[in-house]
Amino acid sequence: MFRCNACHANIGNTVRINCAVCQDFNLCVTCFTSGEELEKHKSWHDYRVLEQYSFPLFNEDWGADEEELLIEGAEMHGLGNWSDIAEFIGNRTKEDCERHYMNTYVNSETWPLPDMNVKFQIDEETMRERKRRRVQSIENRSQNSTQKNPTKVLQSLPANHEIAGYMPNRYEFETEYENDAELVIKDLELNENDDPQDIEMKTYVLEIYNKKLNKRFERKNLIFEHGLLDFRKNKAIEEEKYKSKEEKELINRIRPFAQSLCKKDFDDLRDELIEELCTRLEIRKLKEYRQMGIMTLNEADKYEKAKAQKEANRELAARPHNGHTIPLSYSSDRLAVKYFSKMNEHSPSSSPYGNKTLPAVASPVIRLNVRKQPQALDLNDEEGVHLLSEAERRLCETLRIFPKSYLVIKETILKEWARSGGTLRRRQARGLIRIDVNKTARIYDFFIEMGWIRQLSENTSNN
């Protein structure tokens, strides 16, 4: 690319004036006619008029000057970085550059060189006219794009994407899977004088490296195929489409299946599982309505509102008020019994809620939240049960403690009792055993009943 030394304009695609005295000194026609003088250059120096060599070489739509700029841009910006190469040429799009390079240089019948024997029947004036129209078209397209989207186009850098470390234009991540895989082969060389054992070892190293590349490709393909890079978009869709807690939990559980399924199969699996979940939830809700004696949809709606109010009352009652907690059982359960007693006064035939009814069910049953006692633990086949007395075995079954754990607790408490000189208290025993404090208190009281330790008052001071 040539630039005017005076105004720094791009003169690679136009006629330029080259000074015959000063080295690498070029001026545009405007600066030359105005007599610009810079440093050692004087307006009376000899000069040469260099015209643009726009005749075609390998394709009648590409001039020799554009071919030269294409090769220079690829060397400067890296092969594959077509956006910067197109900007370097000045009058080509990135699609034009990629297509021309692949067709002319890579897919050439005379590869690795392009076909040098191509002949064209086109004059230089026609080539210039085509280039002028193409430049005008690109400028118009750029202006329209700027008006529609005036924001600055982000560069392909790790910090310019919603997924940290991803470079969108290069389809690469700042830290790839097996990021240090290339370190193993960076100094690997295959020479003709290598021993067969060395060649075999180097071949194994290359096979290991290829396997790492395949795994890296599989993971990137998974990310691109399932659209995981559009994190905000996917999050917004899930929040809008799947609102219940059960649906969100199901989506999180089935995500690992995306590694072995294509996007279409995974979406079908997800939709079918969500449909099954919704059906199961609806069946569960209808069973609950039947148990509560609900006959119509209007009654079901009232029941749901009362149930939500009940949960809200429970949460409110569970909050501490001036250091005290309000009991839950009386207020909330009594409210539910009172509501359903009034609701069931209406018979199904005289229901004021319309003719939409649920399946007929038996008389309603009011279920209060009564905490059930845990079932006793069966110790018949447990290890160490033969070391326990009958009283100790009943204690372990009631407290649901395994014999080995009980023996460790027993040994710990009795040793600490002997070490402290018989001054071990209940609260100190709770600190020794990292289990439920109520279970520890029951065991402590059991030891007192058995006469193994002596009961002390909690307020008695240590001697």
Side-chain angles (χ1 to χ4, degrees), residues 245-246 249-250 252-254 256 273 276-277 279-293 307 310-311 314-315 317-318 325 327-330 332-334 336-337 361-420 422-458:
K245 177 183 178 182
E246 293 81 3
E249 290 179 352
L250 177 61
N252 292 330
R253 288 201 303 268
I254 67 173
L273 291 177
E276 179 187 1
L277 175 64
T279 303
R280 290 180 180 273
L281 293 177
E282 189 67 22
I283 293 174
R284 186 187 305 171
K285 186 182 296 184
L286 292 175
K287 287 183 177 180
E288 183 181 359
Y289 293 162
R290 174 173 292 184
Q291 292 176 355
M292 303 305 298
K307 185 178 178 181
K310 177 181 177 181
E311 295 296 331
R314 282 182 174 274
E315 294 180 0
T325 303
L328 302 180
S329 57
Y330 176 77
S332 57
D333 290 335
R334 186 178 181 185
V337 173
V361 294
S363 60
V365 178
I366 304 301
R367 299 181 181 273
L368 300 180
N369 292 329
V370 179
R371 184 174 180 180
K372 296 181 180 180
Q373 293 295 333
Q375 187 177 2
L377 187 64
D378 186 8
L379 301 179
N380 291 329
D381 299 328
E382 296 298 333
E383 183 180 359
V385 67
H386 63 283
L387 301 176
L388 303 180
S389 64
E390 287 298 326
E392 290 177 317
R393 177 168 178 169
R394 288 194 298 271
L395 176 68
C396 291
E397 290 177 348
T398 304
L399 299 181
R400 300 183 61 82
I401 299 177
F402 291 104
K404 293 182 65 176
S405 301
Y406 167 76
L407 293 174
V408 173
I409 296 172
K410 177 181 178 182
E411 181 181 3
T412 303
I413 293 179
L414 295 182
K415 281 186 177 180
E416 184 63 22
W417 172 268
R419 189 193 64 80
S420 63
T423 60
L424 181 67
R425 292 171 176 78
R426 182 182 286 103
R427 65 170 181 271
Q428 294 173 337
R430 291 173 179 174
L432 292 175
I433 311 302
R434 299 300 181 183
I435 61 174
D436 186 359
V437 294
N438 296 323
K439 292 183 179 181
T440 306
R442 292 279 299 276
I443 295 173
Y444 183 88
D445 295 339
F446 175 78
F447 290 169
I448 294 176
E449 293 176 3
M450 300 298 295
W452 297 338
I453 61 178
R454 186 173 66 256
Q455 183 176 8
L456 295 175
S457 174
E458 296 292 333

- Separation between CZ of Arg419 and CG of Leu414, rounded to the nearest 0.5 Å: 13.5 Å
- Query: Are any of the side-chain heavy atoms of Phe447 and Lys410 separated by less than 4.5 Å?
  - Reply: yes
- Roughly how far, to the nearest 0.5 Å, is the CG atom of Leu395 from the NZ atom of Lys439? 10.5 Å
- When every non-hydrogen atom of Leu424 is compared with those of Ala429, the smallest separation belongs to CD1-N, 4.1 Å
- Hey, mind stepping through Leu407 and Leu388 against side chain to side chain contact (heavy atoms under 4.5 Å, CB included) and telling me if it holds? CA-CA 9 Å; Leu407 293 174; Leu388 303 180; 3.8 Å; yes
- Report yes if some heavy atom in the side chain of Arg427 is under 4.5 Å from a heavy atom in the side chain of Val437; otherwise report no. no
- Message: Let's go through Trp417 and Arg454 carefully: what are the C-alpha distance in whole Å and the side-chain angles of both, what is the deciding distance for side chain to side chain contact (heavy atoms under 4.5 Å, CB included) to 0.1 Å, and is it a yes or a no?
- Response: CA-CA 9 Å; Trp417 172 268; Arg454 186 173 66 256; 3.8 Å; yes
- Does Ile409 reach the side chain of Ile435, with side-chain heavy atoms less than 4.5 Å apart? yes
- Message: With heavy-atom distances below 4.5 Å as the criterion, would you say the side chains of Arg442 and Thr398 are in contact?
- Response: yes
- Task: Let me see the working for Ile443 and Ile401 under side chain to side chain contact (heavy atoms under 4.5 Å, CB included), right down to the final yes or no.
- Result: CA-CA 11 Å; Ile443 295 173; Ile401 299 177; 3.8 Å; yes
- Does Leu387 reach the side chain of Pro403, with side-chain heavy atoms less than 4.5 Å apart? no
- Could you check Tyr444 against Ile453 for side chain to side chain contact (heavy atoms under 4.5 Å, CB included), going step by step and ending with a plain yes or no? CA-CA 9 Å; Tyr444 183 88; Ile453 61 178; 3.6 Å; yes
- Query: Can you find a side-chain donor-acceptor pair between Arg393 and Asn380 that sits under 3.5 Å?
  - Reply: yes
- Donor-acceptor pair, side chain of Gln428 and main chain of Arg425, under 3.5 angstrom: yes
- So does Lys415 pair up with Glu411, basic N to acidic O under 4.0 Å? yes
- The ring pair (Phe, Tyr, Trp, His ring centres under 6.0 Å) partners of Tyr406 (sequence neighbours excluded) come to none
- Arg290 and Lys285, any side-chain heavy atoms less than 4.5 Å apart: no
- Message: If I compare all heavy atoms of Glu392 with all of Trp452, which pair ends up nearest, and what's the gap?
- Response: OE2-CH2, 3.2 Å
- Got a salt bridge between Glu382 and Lys404, using NZ or NE/NH1/NH2 to carboxylate O under 4.0 Å? no
- Run the salt-bridge test on Arg394 and Glu397 with the 4.0 Å N-O cut-off and return the result as yes or no. no
